[in-house]
Amino acid sequence: MLANVSKHAEAEEVSLTITRHDNFLNIIVEDDGVGFKSDGVSGIGLKNIANRLKSLQGTLNIESIVGNGSSIIVDIPYK
């Protein structure tokens, strides 16, 4: 995720938050970059992340507005 921000976002600021909850790990990456058209998981990097999360029964939520930054939210369950 951070590699995509570095390569494509043209962001001035990036925030990475990792929070451990009782039964899942939450990771949030937010940037103030150029954003992208969020019509599903289309780039190779995001597809790789989605495939890895699928094997872990995790979820990926992408919120991006062209010209207004992006938020990528990952939840990974654990026992």
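Nothing here was measured: the structure is a model prediction, and the numbers come from that model.
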Measure the shortest side-chain to side-chain distance between Leu2 and Val14 over non-hydrogen atoms and say whether it is less than 4.5 angstrom. yes
Starting from the C-alpha separation in whole Å, work towards a yes-or-no answer on side chain to side chain contact (heavy atoms under 4.5 Å, CB included) for Leu25 and Ile18. CA-CA 7 Å; Leu25 183 68; Ile18 302 172; 3.8 Å; yes
Keeping Asp32 on the side-chain end and Glu12 on the backbone end, is there a donor-acceptor pair under 3.5 Å? yes
Grouping I, L, V, M, F, W and Y whenever their side-chain heavy atoms are under 4.5 Å apart, do Ile27 and Leu60 come out in a common cluster? yes
Measure the NZ-CD1 distance between Lys54 and Ile49 for me, rounded to the nearest 0.5 Å. 15.5 Å
Rounded to the nearest 0.5 Å, how far does CD of Glu63 lie from CD1 of Ile65? 8.5 Å
What side chain to side chain donor-acceptor pair (under 3.5 Å) pairs are there with at least one residue in residues 15-31, not counting sequence neighbours? Asn26-Asp75, Glu30-Ser71
For the hydrophobic clusters of this structure (ILVMFWY residues joined by side-chain heavy atoms under 4.5 Å, transitively), does one cluster hold both Ile28 and Tyr78? no
Supply the atom-to-atom distance Phe24 CZ to Thr59 OG1, rounded to the nearest 0.5 angstrom. 8.5 Å
List the steps, then state whether side chain to side chain contact (heavy atoms under 4.5 Å, CB included) holds for Val29 with Val5. CA-CA 9 Å; Val29 177; Val5 172; 4.2 Å; yes
Side chain proximity check, Leu53 to Ile76, heavy atoms < 4.5 angstrom: yes
Mind listing the closest non-hydrogen atom pair of Gly35 and Ser64 along with its distance? CA-OG, 3.4 Å
